[in-house]
Amino acid sequence: MHIDHQGVIFLLMTTNQVKELIETGLPGAAVEVTDERASGDHFSAVIEWTGFEGLSLLEQHQKVYGAVGEYLTKEIHALQLKTFAPETA
């Protein structure tokens, strides 16, 4: 549990929980999540997903933000992203 500067209480998340949120929102994605500060609220994620094909980087990131939804800015204070579509042969 964590209390922010406004006194709001929220639960800290694990890398597995963040990964599951992304995988649920982006079915079939290959996802790696790291807890950048070992704090349970600052994460980085590398996501490879066929659904990113043809999308701009901004659109790709918006898809991920949609997947983590209301957890972003509450339980997830920061989320650094590297997103890409698989290369086609």
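In what follows, every heavy atom counts, from backbone to side chain, and hydrogens, waters and symmetry copies are set aside. Positions are given from 1, in the same order as the sequence printed here.
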Residue pair [X] / [Y]: nearest heavy atoms and the distance that separates them:
X     : Y     : answer
Gly28 : Trp49 : C-CD1, 4.0 Å
Asp41 : Ser39 : OD1-OG, 2.5 Å
Gly25 : Ala67 : CA-CB, 3.8 Å

[X] versus [Y]: any side-chain heavy-atom pair under 4.5 Å?
X     : Y     : result
Leu72 : Leu79 : yes
Pro86 : Thr50 : yes
Ile47 : Val64 : yes
Glu36 : Phe43 : no
Leu21 : Met13 : yes

* If you link I, L, V, M, F, W and Y whenever their side-chain heavy atoms are under 4.5 Å apart, who else ends up in the same group as Val46? -> Phe84
* Is a salt bridge present between Glu23 and Lys19, judged by a nitrogen-to-oxygen distance below 4.0 Å? -> yes
* Taking atom types as modelled, find out whether Thr14 and Asn16 have a side-chain donor-acceptor pair closer than 3.5 angstrom. => no
* Glu48 side chain to Thr83 main-chain N or O, any donor-acceptor pair under 3.5 Å? -> no
